[in-house]
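Comments concern the structure below.
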There are 2 protein chains.
Amino acid sequence: MRVSTKVRYGLRAVIELARSSGDFGGRRKPPLRTDTERGGMKCIIHRGLVPLTWIAEQQNISLKYLERIFGRLKRAGLLESSRKRGGGYRLKKSPDKVTVGEIMRALGDETSLLRCVRNADVCERSKRCATRGFWKSLSDLIDMTVERTTIADFL
Amino acid sequence: MRVSTKVRYGLRAVIELARSSGDFGGRRKPPLRTDTERGGMKCIIHRGLVPLTWIAEQQNISLKYLERIFGRLKRAGLLESSRKRGGGYRLKKSPDKVTVGEIMRALGDETSLLRCVRNADVCERSKRCATRGFWKSLSDLIDMTVERTTIADFL
DNA sequence: GAAAATCCTACCAAAATGGTAGGATTTTTG
DNA sequence: CAAAAATCCTACCATTTTGGTAGGATTTTC
């Protein structure tokens, strides 16, 4: 019952993204240019687009690994990006609309503790199983928590 | 974030044990002999000692695997056993004293989602980590649930 | 055309998972 | 005393998952 490092890193990185972006998604426009400095490092962020190099350095995560993680998050519709000199990633929605659950799902971690919890058919004893109800309610508890807390809660 | 089959099987098997045993642990003495019949199978249980063959058949779990699981549960102090002809396993405590959490721990599944949750030292960023608090409170939630529900709740 | 970024695919080592095999041991019972 | 019924023990193993790395392709700006 451990959370994968993909999700750990992913969550940390998305929080870092939101912090550094200066963008808060949605209608409000991000500043044209922000100069950020932290821990001896500098970064110039254009229109809220944060380059991965910055996030990787700040959070001490391998750039290559982060690229893969952000690729998945983008494909899941959580991020948008720009390839170019002053490019990077940006949240597609405002931080208070992005849930931890979304990130987990995008990165392949399921919140249900057992397969049968969401799909009773995977096991023929599901109906009369004494334990399924328990695992299901625990999974639901986790689900609720994870779906209720957003990136904004970390800022 | 999946529960291991060891724990799934273990929980199911312990519930089956409690059901079949007729023993309810502690001071109350189990019946000298119970004749159980279910699903076309028969089993004679002496002094609450349930043989694994019965549990394995009832719950459709490989006997060999179950032996390993019950070995760990015994070493953890949850069960007692008797090797002999009319032997088997028995709960050491009454079912309402045996928690799901104990079973999980005995079988090697930790309830904490991240190592740093119980031991901040495993990561030097623990103190200033934005996400640790979240994972910790979620772990605590799981812990509470798992520690509050006992085998008696499944009977 | 160099530079700064994302993007893509393939590969890989290590660890965890979910077991099986084969027998040793203990105790009762016929 | 031997067979039987049970636990107990240890080693092995195949598969899957995890946690990455490597190497480059692509896009766009300066």
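Predicted, not measured: the structure shown is a model, and the values here were computed from it. By convention in this document, chain letters (A, B, ...) are assigned in the order of the sequence lines, proteins followed by strands, and residues within each chain are numbered from 1.
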Fill in: Pairwise side-chain contact, A:I69 with A:L107, heavy-atom cut-off 4.5 Å (strictly under)
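Yes, close enough: below the 4.5 Å cut-off.
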Worksheet item: Looking at side-chain heavy atoms only, is the closest gap between B:T150 and B:V98 below 4.5 Å?
Response: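 The answer is no, as the side chains (C-beta and beyond) never meet within the 4.5 Å cut-off.
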Worksheet entry | Check: B:E16/B:Q59 side-chain N/O donor and acceptor closer than 3.5 Å |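 B:Q59 and B:E16 do have a side-chain donor-acceptor pair below 3.5 Å.
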Please report the distance, rounded to the nearest Å, between [atom1] in [X] and [atom2] in [N].
X: A:I61; N: D:dT21; atom1: CD1; atom2: C1'; answer: 16 Å
X: A:R47; N: D:dT29; atom1: CZ; atom2: C1'; answer: 11 Å
X: A:R90; N: C:dA5; atom1: CZ; atom2: C1'; answer: 14 Å
X: A:I45; N: C:dA5; atom1: CD1; atom2: C1'; answer: 14 Å
X: A:L113; N: C:dT17; atom1: CG; atom2: P; answer: 14 Å
X: B:N60; N: C:dG19; atom1: CG; atom2: P; answer: 11 Å

Worksheet item: Name the one of B:K92, B:R90, B:R75, B:R47 that satisfies salt bridge (Lys or Arg N to Asp or Glu O under 4.0 Å) with B:E80?
Response: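 For B:E80, the salt bridge (Lys or Arg N to Asp or Glu O under 4.0 Å) check succeeds only for B:R90.
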Worksheet item: What string of B, S and - do you get for nucleotides 7-20 of chain D, 5' to 3', if B is base contact, S is sugar-phosphate-only contact and - is no contact with any protein heavy atom under 4.0 Å?
Response: BBB-B-------SB
Worksheet item: Do side-chain atoms of A:S137 reach the backbone of A:F134 as a donor and acceptor pair under 3.5 angstrom?
Response: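 Here the side-chain-to-backbone pair exists.
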Discussion item. Suppose we screen for salt bridge (charged side-chain N to carboxylate O under 4.0 Å, His left out). Which residues come up paired with A:R72, at least two apart in sequence or across chains?
Written reply: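 None.
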